[in-house]
Amino acid sequence: MEFVTYEQDGFIGVITINRPKALNALNTKVLKLLDKVLNEVDLKTTRVLILTGSGSKSFVAGADISEMSILTKSEGELFGKVGNDVFRKLETLPIPVIAAVNGFALGGGCELSLSCDIRICSENALFGQPEVGLGITPGFGGTQRLARTVGIGKAKEMIYTASNIKAEEAYRIGLVNKICSSEELINEAKKLALKISRNAPIAVKASKRAINEGISLNMDEAIVIEEKLFGSCFETEDQKNGMKAFLEKTKVEKFFNR
Ligand code: CAA
């Protein structure tokens with residue numbers, strides 16, 4: 001069985017973590033396969049990715065506890081690096097990634113969703129960082145990205161108490177953008193992806209880069225990044241067509257990614 005699958009539908013790619021027997025927990029093999037799939041996404045034709053877990057019970061129930069249970073200090077650090085490298089690749093992929101979170105998003109699962117640009121979830125979703133209850137810290141970016149997404153106080157509360165939160169609370173604190181039924185989740189993710197894919201791809205990619213690269217800088221440095229990326233959109237065919245259509249009071253039919 002393939003632990004990570006990939007399907008392409010027009011401009012939209014869907015990556016599925018497919019290890020249902022372990023609730024899609026991330027072992028080294030799954031992480032390596034995810035890395036391989038990310039390397040193989042055709043960035044010329046794909047405009048948006050959706051990342052989900054197989055089945056309706058679990059997005060990803062965390063890093064693989066049985067694999068981690070026997071690691072030494074240096075092996076633990078290396079395992080963290082393997083996960084972090086893949087998650088960083090996902091986060092910095094030029095195109096937007098939507099996490100469609102069905103069920104458990106615990107530990108490495110919550111962290112995987114945090115490496116995506118946007119999260120939508122099913123009503124039965126459960127988010128949490130249970131690591132300190134296992135004697136470890138979050139290790140795939142949770143100490144960094146959770147605080148940047150929901151604020152430092154809420155992130156510290158979730159991590160220190162190892163308490164899980166349901167979909168409604170995740171929505172309330174801004175961890176997810178939308179909640180929908182389990183049956184509708186993938187369609188909702190596709191609708192959102194389609195909406196994004198209809199906009200000028202060069203501008204969408206530049207927006208992602210500006211937000212990601214600027215967020216950890218001070219405003220003076222961050223705004224320079226925006227200026228450069230803003231400038232880079234000019235003279236593109238899509239910019240010319242988009243503005244021409246506005247001035248002629250029509251709608252641009254499609255953008256070409258050039
Ligand atoms: N690692 C390895 N196996 C896991 C797993 C994980 N994170 N989560 C679930 N599984 C396995 C279970 O061991 C079980 O396998 P067997 O059938 O072979 O016993 C199978 O998946 C089904 O799980 P349960 O029987 O436990 O299902 P449940 O419905 O009773 O409970 C659950 C579901 C609450 C998610 C529970 O499985 C659970 O608590 N899982 C662990 C969640 C967790 O602590 N995640 C964080 C891991 S640490 C981490 O992620 C570190 C990091 O930041 C890098």
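Side chains included, hydrogens not; waters and symmetry mates left out as well; all remaining heavy atoms used. For ligands, and for the atoms within them, numbers begin at 1 and follow the listed sequence. Sequential numbering from 1 along the given sequence is applied to the chain's residues.
In this structure, a donor-acceptor pair under 3.5 Å is present between the side chains of E75 and T72.
Side-chain N or O atoms of S122 include one that pairs as donor or acceptor with a backbone N or O of G103 at under 3.5 Å. With N102 contributing its side chain and G55 its backbone, the two residues share a donor-acceptor pair below 3.5 Å. The backbone N or O of L26 sits nowhere less than 3.5 Å from a side-chain atom of R19 that would complete a donor-acceptor pair.
Closer than 4.0 angstrom to ligand 1 lie heavy atoms from K21, A22, L23, A25, K57, A61, G62, A63, D64, I65, M68, F104, L106, G107, G108, E111, P130, E131, L134, I136, P138, G139, F140.
For the pair T46 and I95, the tightest heavy-atom approach, listed with the atom from each and the gap, is O-CG2, 3.6 Å.
For E221, the CD atom counts as densely surrounded, since its 6.0 Å shell holds more than 12 non-hydrogen atoms of other residues, nucleotides or ligands.
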